[in-house]
Amino acid sequence: MIKYVDLFAGVGGIRLGASQALAKVGIDSRCVLSSEIDEKACETYKLNFGEQPQGDVREITEIEPFDFLLAGFPCQPFSYAGKRRGFGDTRGTLFFEIERILGRYCPKAFLLENVRGLKTHDNGRTFDTIMQKLHDLGYGTAELILNSSD
């Protein structure tokens, strides 16, 4: 059984994909914690999964042991469609909550999702900072840019 957390959960799209992929290869899974602050997204998440996500990730202090972390952290600070303020936007600093949780709980693996603009934001320095933080925690990384229409 793989236990996972679903941070910045939205309506549960990453969770749904992960649980379906695991089930397809015969692996049981269970979400031990989800976190989302948007009220309407939480309502939909509850309809989708029968669970109410916890609120602000910054207020989460205890999580039962888990194997995998899923997080689609806020993209607005890095998106070509936004102001591209990066870590200068409070939402842009929420990656560091992922770093905090990874550092404290040391799951075996994680999946982070964001927009294409994260890779090029601030001439690549933002992405390099994120990758360095993950490497400093002892994780190896691989990155992919996917076309969402696929």
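Basis for what follows: all heavy atoms, side chains included, without hydrogens, waters or symmetry-related copies.
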(message) Taking L111 as the starting point, is it possible to reach V32 by hopping between hydrophobic residues whose side chains are less than 4.5 Å apart?
(response) no

(request) Report whether Y105 and L137 are members of the same hydrophobic cluster (ILVMFWY, side-chain heavy atoms less than 4.5 Å apart, transitive linking). (result) yes

(request) Could you tell me whether the side chain of L134 reaches within less than 4.5 Å of the side chain of L112, counting heavy atoms only? (result) yes

(request) Would you mind reporting whether L102 and I98 have side-chain heavy atoms less than 4.5 Å apart? (result) yes

(request) Consider only side-chain heavy atoms of I, L, V, M, F, W and Y, link residues closer than 4.5 Å, and tell whether V25 and F68 are in one cluster. (result) yes

(message) For a quick test of reading the model, state the closest non-hydrogen atom pair linking L22 to S29 and the distance between them.
(response) CD1-CB, 3.6 Å

(message) What's the separation between atom OH in Y139 and atom CZ in F110, rounded to the nearest 0.5 Å?
(response) 7.0 Å

(message) In the structure I gave you, are the side-chain heavy atoms of Q52 and C42 within less than 4.5 Å of one another anywhere?
(response) yes

(request) Would you give the length of the straight line joining atom NZ of K24 to atom OG of S19, rounded to the nearest 0.5 angstrom? (result) 13.0 Å

(request) Given salt bridge (charged side-chain N to carboxylate O under 4.0 Å, His left out), test K40 with D38 step by step and report yes or no. (result) CA-CA 6 Å; K40 294 296 183 188; D38 182 88; over 6 Å; no

(request) Heavy atoms only: give me the nearest P107-L69 pair and the separation to one decimal. (result) CG-CB, 4.4 Å

(message) If only side-chain N and O atoms count, and only distance matters, is there a donor-acceptor pair under 3.5 Å linking Q132 with D136?
(response) yes

(request) List the atom of D67, the atom of M1, and the distance in Å for their closest heavy-atom pair. (result) OD2-O, 3.6 Å

(request) Give the C-alpha distance, both sets of side-chain angles, the deciding distance and a yes or no for salt bridge (charged side-chain N to carboxylate O under 4.0 Å, His left out) between E43 and K46. (result) CA-CA 5 Å; E43 289 175 19; K46 187 171 183 178; over 6 Å; no

Return all side-chain donor-acceptor pairs below 3.5 angstrom for residues 59-66, not counting sequence neighbours, or 'none' if the list is empty.
from	atom 1	to	atom 2	distance (Å)
E62	OE2	R104	NH2	2.8
E64	OE2	R30	NH2	3.0

(request) Find out whether F96 and K133 are in side-chain contact, i.e. whether some heavy atom of one side chain is under 4.5 Å from a heavy atom of the other. (result) yes

Please report, to 0.1 Å, the donor-acceptor pairs under 3.5 Å made by any side chain of residues 9-18, with sequence neighbours excluded.
from	atom 1	to	atom 2	distance (Å)
R15	NE	Y4	OH	3.4
R15	NH1	Y45	OH	2.9
R15	NH1	E51	OE1	3.0
R15	NH2	E51	OE2	3.1

(message) Is there a path of hydrophobic side-chain contacts, each under 4.5 Å between heavy atoms of I/L/V/M/F/W/Y residues, joining L70 to I130?
(response) no

(message) I need the R58 CZ to R100 CZ distance, nearest 0.5 Å.
(response) 10.5 Å

